[in-house]
*Asks:* 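Before we start, here is the structure in question, set down as C-alpha cells.
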Amino acid sequence: MGRTNRKRRSTLANRAIAASAALALGGGGLLAANIYASAGEGNSQQNAQPTAAGVATIKCPDVGQSLKDVPDGARQGVDQELAKLDQQISEAYTRLADTRQAQAGDAAYVDNAILGPLKSKRVATIDRMNINIRNAGGQPLQGAEQMAQCEGVPADQINNGGDQGQGDGQDQGQGDGQDQGQGDGQDQGQGDGQDQGQGDGQDQGQQGGPVAADFQDITQVQPNGGPQGVNGNGLPANGDSGSTGSFTTSCGTNGNDNHNSDNIIVAPGVDNGAQHTHDYVGNQDNDAFTSDEEFLQADTSCENQGDKSSYYWPVLRLQNGEDEFDANDLGGGAEGNIGPIQEAAQAELKFVGNKAGDVVAMPQALRIITGDAKAFSNGLANANTNWSCTGFEDRQLTDKYPICPEGSSVVRTSFFQSCWDGQNIDSANHRDHVAFVNEDGTCDNGFQAIPQLQARLVYDVPAPQIENGQVQNPFAVDGFPTELHKPITDHNDFLNFFDEETMNQVVECINSGQDCQ
C-alpha cells in the first residue's frame with residue numbers, strides 16, 4: 001500500500017519525549033546559551049552554566065562506516081541496531097543539554113552520568129549486531145569496546161576546529177583552514193572566535209547551531225573554479241571528451257510537501273531513522289517501509305513517467321522563531337530541527353557522462369549517498385559539500401553557509417559517485433559499491449563508469465545578518481542533533497528506479513553526445 005506524502009506523526013509517547021527534548025534544545029536550558037553565555041549574561045540558570053570550557057556535543061565512532069562483511073540475511077537486523085546507536089547518541093546529547101547545572105558542580109558528571117551509560121548501551125547494541133552477523137555466516141565487527149567509547153567535545157575545540165569537519169580553507173579565501181571554517185574573522189566581520197559563539201541564546205545557536213562562524217560573505221571568497229567537493233569527493237565526471245551528453249529529469253521542487261524523517265537507505269524499517277526531515281522529489285512513496293516493488297508501483301513527480309527514482313536531501317530551514325508542522329515531533333523540533341522549511345526555487349537534476357569514455361546503465365534499485373550527515377563528528381572522509389550563490393558559482397564554500405548579496409540566491413550543489421562495482425546495488429556501509437571518479441574520468445578497482453547525477457538546488461532565503469559576532473535569522477540544513485547544523489554535514493541521496501527503457505535512453509543520450517530530457 002502506498003504511503004504518499006506522509007508527514008511525521010507524533011504518538012503520545014513521542015510527544016512526551018518531544019516536550020522534554022524541546023525544553024532542552026529550544027527552551028530555557030538551551031545548549032548554545034548554556035555553553036557560550038558569560039557569567040554576566042542571561043537568566044539565573046545560564047549564570048550557573050559552564051563557559052567555553054564545557055562540553056558542547058558528543059562524538060562517537062561511526063560503527064556503520066566500519067562494516068564490510070554483512071550477509072544479506074543480517075542486513076535488516078544490523079541496520080536496526082545501527083539506528084539504535086544513533087538514537088542512543090541523540091538521547092545522550094539531550095541529557096547533556098538538559099543537565100548544565102549538574103555539570104557545573106561536578107567535573108566528572110559528563111563522564112559518569114552521560115558518557116559511561118552511553119558506552120554500556122552501545123556495547124550491548126554492538127554485541128547484538130555482531131550476533132546477527134555471526135548467525136548469518138559473516139565476520140563480526142572487531143573492537144566493539146573501542147567502537148562503543150564516545151567522548152565529549154569541548155566548546156573551545158568546536159571554535160578552534162580540531163579535527164571536526166574542517167575544510168581546507170586555502171582556496172576559499174578563509175584563512176588556513178585549521179579552524180572549523182572560521183577563517184581569520186576579518187572577512188566575516190567576526191571577532192577572534194571567543195565571542196563568535198556567545199550570543200544570548202535568543203538569536204543564534206539555540207538549536208545547537210549554527211553560529212556566526214558558520215557563515216561567509218560570498219563576495220569575500222576568491223574564485224576557485226566551481227564545485228569541487230571536499231578532499232576531491234564529488235568532482236564532475238564529464239568534460240569535453242568521452243561521453244559528453246546529458247539527460248535532465250524535471251521532478252519539481254517538492255511543492256506538495258512530501259516530507260518525513262526516515263532514511264530508506266541507511267535505516268530501512270526504522271521510523272525516524274534519519275532524525276532530521278527530508279525533502280523528496282520524484283518517487284512519492286518514500287519512507288522507511290517502502291519496498292522496491294512499491295517504489296516501482298508508486299506515482300512520481302517527474303515529468304518523464306519512466307523515472308520513478310527517489311531523490312531526497314535534508315530540508316533547509318529559516319531559523320526565525322516561527323514553527324513548522326514538525327515543531328514538536330521527533331526528527332523536527334524535538335531534535336533541534338526547527339523553523340519554517342524552505343522550498344527550493346529550483347531543483348535541477350542532471351545525469352552526465354564520463355570524460356574517459358562511455359557509461360553503462362545503472363542497475364535498478366541502485367542506492368547512492370553523497371556527503372556525510374555526520375561529517376562534523378566523523379571528519380571529512382565522506383564529506384561532499386558545495387555552497388555558493390547565484391552569480392558567484394565560481395566561488396564555492398565547503399565548510400560554510402554563504403551570505404549572498406541582494407538579488408542573489410543560495411545554491412547547494414552535489415555531484416554523486418559515478419563509478420560502480422558492476423555487481424551490487426548497495427553495500428554494508430552503503431558506500432563501498434560506488435566510488436567517486438578520478439580527475440581524469442577513470443574508475444579504480446575495476447569499477448565501471450555510470451551516469452553521474454548532478455543536483456543543484458537554489459533557495460530564495462533572506463541573507464542572515466551578523467552583528468557583534470552574533471547571527472540573526474540564520475538558515476541551516478537539518479541534521480543529527482550532535483552535528484550542530486554545520487554546513488559540512490550537507491548530503492544528498494538517490495535511489496534509481498528508472499525503468500529499463502528510460503535508463504537505456506539516458507545512456508544513449510549521454511554516450512552519443514546528445515542533451516536530452
Side-chain angles (χ1 to χ4, degrees), residues 226-227 229 234-253 280-284 292 295-296 298-313 344 346-370 384 386 393 411-425 433-443 447-458 492-517:
L235 289 169
N238 57 316
D240 56 7
S241 59
S243 46
T244 58
S246 68
F247 186 96
T248 299
T249 184
S250 298
C251 302
T253 57
Y280 292 92
V281 301
N283 202 289
Q284 296 297 286
D292 289 356
F295 275 118
L296 291 170
D299 293 333
T300 178
S301 67
C302 300
E303 292 180 6
N304 188 325
Q305 294 296 294
D307 181 9
K308 293 192 175 183
S309 301
S310 179
Y311 307 86
Y312 64 100
W313 49 82
Q346 303 174 49
E348 301 172 0
L349 304 171
K350 179 186 289 188
F351 294 87
V352 302
N354 179 282
K355 65 185 70 175
D358 286 351
V359 297
V360 301
M362 293 179 174
Q364 198 167 79
L366 177 69
R367 285 134 161 90
I368 308 180
I369 303 170
T370 188
N384 178 19
N386 292 281
E393 289 180 68
V411 182
R412 300 163 69 182
T413 305
S414 297
F415 291 166
F416 280 68
Q417 296 91 315
S418 57
C419 297
W420 169 53
D421 68 5
Q423 182 176 2
N424 298 294
I425 60 171
H433 62 299
V434 289
F436 289 104
V437 70
N438 294 320
E439 191 169 359
D440 63 359
T442 58
C443 295
F447 281 34
Q448 300 172 290
I450 55 175
Q452 182 184 53
L453 172 58
Q454 300 182 349
R456 178 177 177 270
L457 308 174
V458 181
N492 212 309
D493 302 76
F494 168 69
L495 284 79
N496 171 43
F497 284 102
F498 279 87
D499 63 33
E500 184 177 358
E501 180 180 355
T502 308
M503 176 53 68
N504 288 338
Q505 292 174 359
V506 172
V507 171
E508 174 62 23
C509 285
I510 290 173
N511 287 341
S512 63
Q514 302 177 63
D515 294 318
C516 307
Q517 55 185 357

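In this text, all values refer to a predicted model and were calculated from it rather than measured experimentally. All values below come from the heavy atoms of this structure, side chains included, with hydrogens, waters and symmetry mates left out. Count residues from 1 along the sequence.
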*Asks:* For residues Gly282 and Tyr311, report the shortest heavy-atom separation together with the two atoms involved.
*Replies:*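 Taking Gly282 first and Tyr311 second, the nearest heavy atoms are CA-CD1, 4.3 Å.
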*Asks:* Please determine whether side chain to side chain contact (heavy atoms under 4.5 Å, CB included) holds for the pair Ser418 and Phe436, giving the CA-CA distance in whole Å, both sets of side-chain angles, and the decisive distance to 0.1 Å.
*Replies:* CA-CA 6 Å; Ser418 57; Phe436 289 104; over 6 Å; no
*Asks:* Looking at CD of Gln517 and OG of Ser250, how far apart are the two atoms once the value is rounded to the nearest 0.5 Å?
*Replies:*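 Rounded to the nearest 0.5 Å, the CD-OG separation comes out at 5.5 Å.
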*Asks:* Measure from the side-chain N and O atoms of Gln417 to the backbone N and O of Gly234, and report whether any donor-acceptor pair falls under 3.5 Å.
*Replies:*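 No, Gln417 side chain to Gly234 backbone: no donor-acceptor pair under 3.5 Å.
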*Asks:* Tell me, please, which residues at least two apart from Phe351 pass ring pair (Phe, Tyr, Trp, His ring centres under 6.0 Å).
*Replies:*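 If we apply the ring pair (Phe, Tyr, Trp, His ring centres under 6.0 Å) test to Phe351, skipping adjacent residues, the hits are Phe494, Phe498.
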*Asks:* What are the two closest non-hydrogen atoms of Asp515 and Ser246, and how far apart are they?
*Replies:*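 In terms of heavy atoms, the two residues are closest at OD1-OG, 2.8 Å.
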*Asks:* Roughly how far apart are Cys509 SG and Asn504 CG, rounded to 0.5 Å?
*Replies:*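 Separation between the atoms: 11.0 Å.
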*Asks:* Hey, could you give me the CD/CG distance between Gln284 and Asp299, rounded to the nearest 0.5 Å?
*Replies:*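 Atom-to-atom, Gln284:CD and Asp299:CG are 7.0 Å apart.
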*Asks:* Once you round to the nearest 0.5 Å, how far does CG of Leu235 lie from CD of Gln452?
*Replies:*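 That separation rounds to 8.5 Å.
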*Asks:* Check Thr253 against Ala347 and note the closest heavy-atom contact, atom names and distance.
*Replies:*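 Smallest heavy-atom distance, with atoms named: CG2-N, 3.7 Å.
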*Asks:* Taking Asn438 for the side chain and Asp440 for the main chain, is one N or O donor matched with an acceptor at less than 3.5 Å?
*Replies:*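 A pair under 3.5 Å: no.
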*Asks:* Of all residues at least two apart in sequence or in a different chain, which pass the ring pair (Phe, Tyr, Trp, His ring centres under 6.0 Å) check with Phe497?
*Replies:*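 Counting only residues at least two positions away or on another chain, Phe497 forms a ring pair (Phe, Tyr, Trp, His ring centres under 6.0 Å) with Phe295.
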*Asks:* Assess whether side-chain hydrogen bond (donor to acceptor under 3.5 Å, both in side chains) is satisfied between Thr249 and Asp307, documenting all intermediate values.
*Replies:* CA-CA 8 Å; Thr249 184; Asp307 181 9; 2.8 Å; yes
*Asks:* For the CD atom on Gln346, are there more than 12 heavy atoms of other groups (residues, nucleotides or ligands in this structure) within a distance under 6.0 Å?
*Replies:*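 Counting neighbours around CD of Gln346, more than 12 heavy atoms of other residues, nucleotides or ligands fall under 6.0 Å, so yes.
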*Asks:* Does Tyr280 reach the side chain of Ser301, with side-chain heavy atoms less than 4.5 Å apart?
*Replies:*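 SC-SC contact between Tyr280 and Ser301 ruled out.
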*Asks:* Less than 4.5 Å apart, any side-chain heavy atom of Pro236 and any of Gln454?
*Replies:*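 They are in side-chain contact.
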*Asks:* Pair Asn354, Val437 - check side chain to side chain contact (heavy atoms under 4.5 Å, CB included), show working.
*Replies:* CA-CA 9 Å; Asn354 179 282; Val437 70; 3.7 Å; yes
*Asks:* With a 4.5 Å cut-off on side-chain heavy atoms, are Phe247 and Pro451 touching?
*Replies:*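 Pro451 does not reach Phe247 side chain to side chain.
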*Asks:* Does atom CD of Gln305 have more than 12 heavy-atom neighbours from other groups under 6.0 Å away?
*Replies:*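 Enclosed: over 12 neighbouring heavy atoms sit under 6.0 Å from CD of Gln305.
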*Asks:* Under the side chain to side chain contact (heavy atoms under 4.5 Å, CB included) rule, what do Val359 and Asn511 come out as? Steps first, then yes or no, please.
*Replies:* CA-CA 7 Å; Val359 297; Asn511 287 341; 3.4 Å; yes
*Asks:* Strictly by salt bridge (charged side-chain N to carboxylate O under 4.0 Å, His left out), give each pair with a member in residues 350-365 just once, sequence neighbours left out.
*Replies:*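 Output for this query is empty, none listed.
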*Asks:* Quick one: side-chain contact (heavy atoms from CB on, under 4.5 Å) partners of Glu393, sequence neighbours excluded?
*Replies:*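 Glu393 satisfies side-chain contact (heavy atoms from CB on, under 4.5 Å) with Ser388, Thr390, Gln396, Val411, Arg456 only.
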*Asks:* Could you measure the distance from the CD atom of Gln364 to the NZ atom of Lys308? Nearest 0.5 Å is fine.
*Replies:*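 Those atoms lie 10.5 Å apart.
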*Asks:* Considering all heavy atoms of both residues, which atom of Pro227 and which atom of Thr413 are nearest to each other, and what is their separation?
*Replies:*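 Looking at all heavy atoms of both residues, the closest pair is CG-CG2, 3.9 Å.
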*Asks:* Begin with the C-alpha distance, continue with both residues' side-chain angles, and end with the deciding distance and a verdict on side-chain hydrogen bond (donor to acceptor under 3.5 Å, both in side chains) for Asn384 and Thr370.
*Replies:* CA-CA 6 Å; Asn384 178 19; Thr370 188; 2.5 Å; yes
*Asks:* Report the residues that fulfil side chain to side chain donor-acceptor pair (under 3.5 Å) with Thr502, sequence neighbours left out, ordered by chain and then residue number.
*Replies:*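 With neighbours one apart ignored, the set is Asp499.
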*Asks:* Taking Arg412 as the fixed residue, which of Asn492, Leu457, Asn386, Val458 is the one that meets the side-chain contact (heavy atoms from CB on, under 4.5 Å) rule?
*Replies:*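 Answer after filtering Asn492, Leu457, Asn386, Val458: Leu457.
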*Asks:* Which residues pass the side-chain contact (heavy atoms from CB on, under 4.5 Å) test with Leu366, not counting sequence neighbours?
*Replies:*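 So Leu366 forms a side-chain contact (heavy atoms from CB on, under 4.5 Å) with Met362, Pro363, Ile368, Trp420, His433, Val434, Ile450, Asn496.
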*Asks:* Got a sec: does the CD of Gln514 have more than 12 other heavy atoms crowding it under 6.0 Å?
*Replies:*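 Yes, enclosed.
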*Asks:* Check Gly357 against Ser243 and note the closest heavy-atom contact, atom names and distance.
*Replies:*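 Scanning both residues, the minimum pair turns out to be O-OG, 2.7 Å.
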*Asks:* Between Val281 and Leu349, does a side chain to side chain contact (heavy atoms under 4.5 Å, CB included) hold up when you go through it step by step?
*Replies:* CA-CA 10 Å; Val281 301; Leu349 304 171; 4.0 Å; yes
*Asks:* So, for Thr244 and Gly513, which heavy atoms are closest and what is the spacing to 0.1 Å?
*Replies:*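 Between these two residues, the closest heavy atoms are OG1-CA, 3.6 Å.
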